[in-house]
Amino acid sequence: MDNEPAQTKDEGFLSRMALNDNKAGMEGLDRDKINNIIMESSKGSKFYENELKKDQQVNQRIEKMMLQKANITQAQLKKAQAQVEKMTLALERSRDLSRVIVHVDMDAFYAAVEMRDCAELKTKPMAVGSMSMLSTSNYLARKYGVRAAMPGFIAKKLCSDLVIVPPNFDKYRAVSDEIREIFADYDPHFLPMSLDEAYLDFTEHLEQRQTWPESLRTHRYSSKSITTVIIINLPGIAPNMMLAKVCSDKNKPNGQYRLPPTREAVMDFIQDLPVRKICGIGKVSEKMLNALEITKCSHLGQQMALLSLLFSETACQNFMEVSLGLGSTRISRHEERKSMSIERTFKELSDAEEQFSLCRELCKDLAEDMKKEGLKGKTVSLKLKNVNFEVKTRAQTLQCAVAAEEEIFAVAKDLLKTEIDNESPHPLKLRLMGVRMSAFVSSDDKAPTQKSILGFLKLQLHVSSVNTQDEGSALNKTGGSVSQVLENKRAAPAGDHPSTSGCEARPQILICPVCSSKVETTDLNVFNRHIDLCLNVASTNQKKSESESVYDEKKCLQECKELNKRKERSEAEEEQPFGSKESSRVCPRGGQHGGSIQKVFLTQSDSKPTTSQKCQGKLSDLVCPVCHLTQETDDLAVFNRHVDLCLNQEVLHELKGQTTFSQNPSVVKNSKNIGKSQ
DNA sequence: GCGGATCAC
DNA sequence: TATGGTGATCCGC
C-alpha cells in the first residue's frame, strides 16, 4: 500500500517549485544550487505553504488513480485494447501530411525589444518585470537560472547584477504589429497566440512561390523594418500544429527545425519526446502520467488501453493523437470571446468597506471594457484570493444580460457580501479580487457596427449602382472602417431585436443581412447557409439588372425563400451540409483578417458566367474593393488572396494609425502564372 | 449552472 | 517587502 511512486514526495514537490530547465538557454547550469536558492527563498512563505498543499492534492489524485488502476481486470483491459486499436486505425486513416504548418515565436521577446532600444542592456543579465514577477529574461540572465514567471526578488538572489526593466507593453505591441505584417504576407489567416507567437499555414504560400521569378523569391522584405526581423526566432515547420509547436522549441535560440512530412519521420520524432513538451500537458498531467511510468510520447501509445480506463474521453482522445503525432492541420482563428475579466493583486485588504469599493472599481473598469466590445453577459463571477493564496470563485447567472457598472456591481457586491458574512466575525483577508463576465449575448451596442457589415456587403453587391432609399436601416451607410467590419462576426444575432436581450427563453431570431427576413434558428451554420443563398440570389439579381439602379429587395427576399426551401430539401437527402466547412465564418476573429469577407467575394464572383472564367483566356475586371486596383487575374482564389492581403494591410495600418497603405500585395502581380489556363 | 483545477502565454 | 493577469477548458457535481 505504501507503494511509493518512482518519485519521492519531495522530488515531486520540487518539480512544482523548482527551476524549469525546459526553456532554452538553461543548459549546463548548476541546477542543484539554483534550486536550493529558490527553495530557501520560498520556504515558510504563504505562497510556499499553499504550493505544498496543492501538491498534496495532486498526490491524492494520483493515489486515487493508482487505486483505480489496481482494480482494473484483464477483461476490461482487453476490451479497452480492442477499442483503442479501432480508434487508432480511424485516426491513422485521417492522417494528413499535406500541410506545411509553421510555428514562430520571438526569442525572449520583451527582453529582446528592450535590448534593441538600450544597447547597454545587451551585455548585462536582464529581465522584464518587477520584483514580484518577471515576464522574461535574456540569455545572460538565464545562465543564472533567472526565467519567466519567477519573482524578481528571487531572481536577484540568483543573480545580484540582474537588471530588472519594467514592462512596456505598448512598445511590444508595436513591434508585434510589424512582425504580424510580415506574417500576413505569408499567410493572411495566420493565428496569433500572443504578442510574440503565431501559427502560419505556409502551404499555399509555397505553392505560389514556385511560380515566382527569382528576384521576388529572394528578397521580399527589403522595404520592411529590419530591426524586428532580428528577433524573430527561426520557426518550427511540421505537418500539423502540435508538431510545429514542438519543433519551434527544438533548436532554440538560433536554429530552425523542419520535420519532414512523412509518417516515419513524425513517429521517429515523437518517440522519445517527453510528454511535458506537448502543449496542453502541464505540470500536473505530467506528474500523473509519470506515476504510470509514462514519460515519453511513445509510452502514451503503448499504454492507451490503460489510459482509456483512467482518464476522461477527451483526455484520451488527445493522448492518442499525440502518440500518433497527429494534430490540427488547419489553423483557424479563435472563436468569439466567451468571457471578459479583470483582477488585481494588492497588499492585504481586510476592511469590508474598502473591499466593496475595490469591487466597484473593478466593475467600473470591466464595464468599460465590455462597452468597448459591445458585450453583454448574463453571468457575473467574483474571484477572491486570500492572503494564504487560497482561491475561491462565486458566480451568479441572471435572466437578463447586463453590461453596465451598476448592474455588474449589484451582483458582485452580493456575492462579496455573502463571502464576508460567511467569514464573520472574522474579516476576509484578501490579496486578490477579480470580476468576470460570461454567458454573453449580443448587445445593442453591437448593432451599429453590424450594420456596417451590411453596408459593406451591399456596396460590393451593388458595385457602382448605389441605392439611396431604404427605410433608414443604415444599410447603405458604409461608414464602418474595414477593421470595424472585420471585428464583427457575420452571423451575429441582430442586436436591436428584442429577442436578443437575453431575457426571453424562446429560440433566437436572426435577421438576414441581405434579405432582411427573420431566420428562426439557433444554429449559426444554418443561418450562414441562408446568407450564402441570399448572396447568390443578390448577385444574380445584380447581374440581371445591371442597368437598373435600384436593388430589388422584395424579389431577393422571395428568391431567397424559394432557394432556401429547395436547398433544405436537397440537404435532407445529402450527407454533407452545404457550406459546413465555412463554419469559421460565425467566428468574429475568424473574420478579422478577411476570412468571412473572402467568401462574400467568392460567392459574388461565382455568379459571373463561367465563360468569363474559362473561355478565351479573357481577363475579367476584378477590382479589389480595398485598394481599388483592377486585378489582372481570372483566378478567383488568387483574387481572394489578394483581397485578404489588402484587408490585412489595411487593418495593420489602421492599428498603426495610418490611413493609407504603402504597397499593394504582390501576389496578384504573378497571378497569370498560376491561373488555370496554363 | 457552479466551483475547483489545469493550462498557456 | 515581495510569487501576475487574462482567457479557455474540463471535470464532477
Side-chain angles (χ1 to χ4, degrees), chain A residues 16-17 20 22-23 38-39 41-51 53-55 57-58 60-61 64 103 105-106 109-110 128-136 147-157 164 166-167 169 172 176 192-198 245 249 276-288 311-318 334-348 362 365-366 369 378-385 387-399 415 419 431-440 589:
Chain A
R16 172 180 283 272
M17 293 290 295
N20 174 4
N22 237 346
K23 277 273 177 198
I38 294 175
M39 284 305 206
S41 312
S42 302
K43 218 166 253 181
S45 68
K46 304 272 190 183
F47 176 80
Y48 179 91
E49 295 300 324
N50 190 252
E51 289 298 298
K53 201 180 94 188
K54 285 198 282 183
D55 190 61
Q57 282 174 15
V58 172
Q60 281 180 15
R61 271 178 73 183
K64 215 173 119 187
H103 179 265
D105 64 5
M106 267 46 83
F109 181 52
Y110 299 167
V128 176
S130 69
M131 279 304 245
S132 303
M133 186 55 61
L134 301 181
S135 295
T136 190
R147 59 179 162 93
M150 175 183 277
F153 72 92
I154 292 182
K156 278 281 197 183
K157 287 185 182 170
I164 297 180
F169 289 105
Y172 311 145
S176 181
M193 300 301 288
S194 64
L195 287 183
D196 74 330
E197 194 183 325
K245 169 89 181 158
D249 193 50
R276 183 69 174 86
K277 293 279 184 188
I278 302 303
C279 186
I281 298 183
K283 281 177 188 174
V284 174
S285 305
E286 179 192 30
K287 194 169 175 177
M288 296 192 67
F311 287 81
S312 73
E313 206 182 317
T314 23
C316 287
Q317 175 82 23
N318 187 242
H334 284 134
E335 297 183 2
E336 62 198 283
R337 74 152 70 234
K338 299 198 165 82
S339 72
M340 180 181 274
S341 67
I342 184 161
E343 64 187 61
R344 246 172 249 161
T345 293
F346 35 78
K347 278 193 198 150
E348 177 175 334
L362 291 170
D365 291 349
L366 182 56
D369 292 344
K378 292 199 287 183
T379 304
V380 180
S381 310
L382 180 73
K383 177 175 171 180
L384 302 173
K385 192 193 278 182
V387 291
N388 294 321
F389 289 86
E390 293 161 334
V391 178
K392 246 184 213 176
T393 60
R394 294 290 177 263
Q396 192 183 334
T397 299
L398 307 167
Q399 289 278 306
L415 295 170
E419 291 310 301
R431 80 179 324 272
L432 172 146
M433 189 186 294
V435 182
R436 171 179 303 263
M437 291 295 303
S438 53
F440 294 141
R589 301 204 52 218

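Residue numbers begin at 1 in each chain, while the letters A, B, ... track the order of the sequences.
Residue contacts shown for A/Lys347 are absent, as no nucleic acid heavy atom lies under 4.0 Å away. If you check every strand for non-hydrogen atoms under 4.0 Å, A/Glu51 touches nothing. Across all strands shown, A/Ser285 has heavy atoms under 4.0 Å from sugar-phosphate atoms exclusively, and none from any base. Here A/Arg436 lies in heavy-atom contact (under 4.0 Å) with a base. Residue contacts shown for A/Ile38 are absent, as no nucleic acid heavy atom lies under 4.0 Å away. Within 4.0 Å (heavy atoms only), A/Met150 reaches no atom of the nucleic acid at all. A/Lys245 comes within 4.0 angstrom of sugar-phosphate atoms only, judged by non-hydrogen atoms across all strands, and of no base. Nucleic acid contact class of A/Lys54 (heavy atoms, under 4.0 Å, all strands): none.
Map A/Ile154 and A/Glu313 each onto its nearest nucleotide of DNA chain C; the residue landing nearer the 5' end is A/Ile154. Between A/Ala315 and A/Lys338, the residue whose closest nucleotide on DNA chain C is further toward the 5' end is A/Lys338. Mapping A/Gln57 and A/Gly280 onto DNA chain B by nearest heavy atom places A/Gln57 closer to the 5' end of the strand.
Protein chain A touches strand DNA chain B; the 5'-most and 3'-most nucleotides with an atom under 4.0 angstrom of its non-hydrogen atoms are B/dG1 to B/dC9.
Two residues are said to be in side-chain contact when any heavy atoms from C-beta on lie closer than 4.5 Å; A/Leu195 and A/Tyr110 meet this criterion.
In this structure, A/Arg344 places its CZ atom 9 Å from P of C/dT6, rounding to the nearest Å.
Within a 6.0 Å sphere centred on CD of A/Glu348, heavy atoms belonging to other residues, nucleotides or ligands number more than 12.
Evaluation of the side-chain contact (heavy atoms from CB on, under 4.5 Å) rule for A/Gln60 yields no partner, not counting sequence neighbours. A search for side-chain contact (heavy atoms from CB on, under 4.5 Å) contacts involving A/Met193 returns A/Leu191, A/Glu197, A/Tyr199, A/His334, not counting sequence neighbours. For A/Gln57, the side-chain contact (heavy atoms from CB on, under 4.5 Å) partners at least two apart in sequence or on another chain are A/Lys53. In terms of the side chain to side chain donor-acceptor pair (under 3.5 Å) criterion, residue partners of A/Lys46 (sequence neighbours excluded) are, by chain and number, A/Asn388. Scored by the side-chain contact (heavy atoms from CB on, under 4.5 Å) test, A/Lys383 finds A/Glu343, A/Val391, A/Thr393, A/Leu432 as partners (sequence neighbours excluded).
Residue-to-nucleotide contacts include a donor-acceptor pair under 3.5 Å from the side chain of A/Ser42 to the base of C/dT3.
Residue A/Ser339 has no polar side-chain atom (N or O) positioned under 4.0 Å from OP1 or OP2 of C/dT6. At C/dG4, none of the side-chain N or O atoms of A/Ser132 fall inside 4.0 Å of OP1 or OP2 (strictly under the cut-off).
Nearest nucleotide to the A/Leu432 side chain, out of C/dA2, C/dG5, C/dG4: C/dG5. Closest to the side chain of A/Glu343, from the set C/dT3, C/dG7, C/dT6, is C/dT6.
Rounded to whole Å, the separation between the P atoms of C/dT3 and B/dA8 comes to 24 Å.
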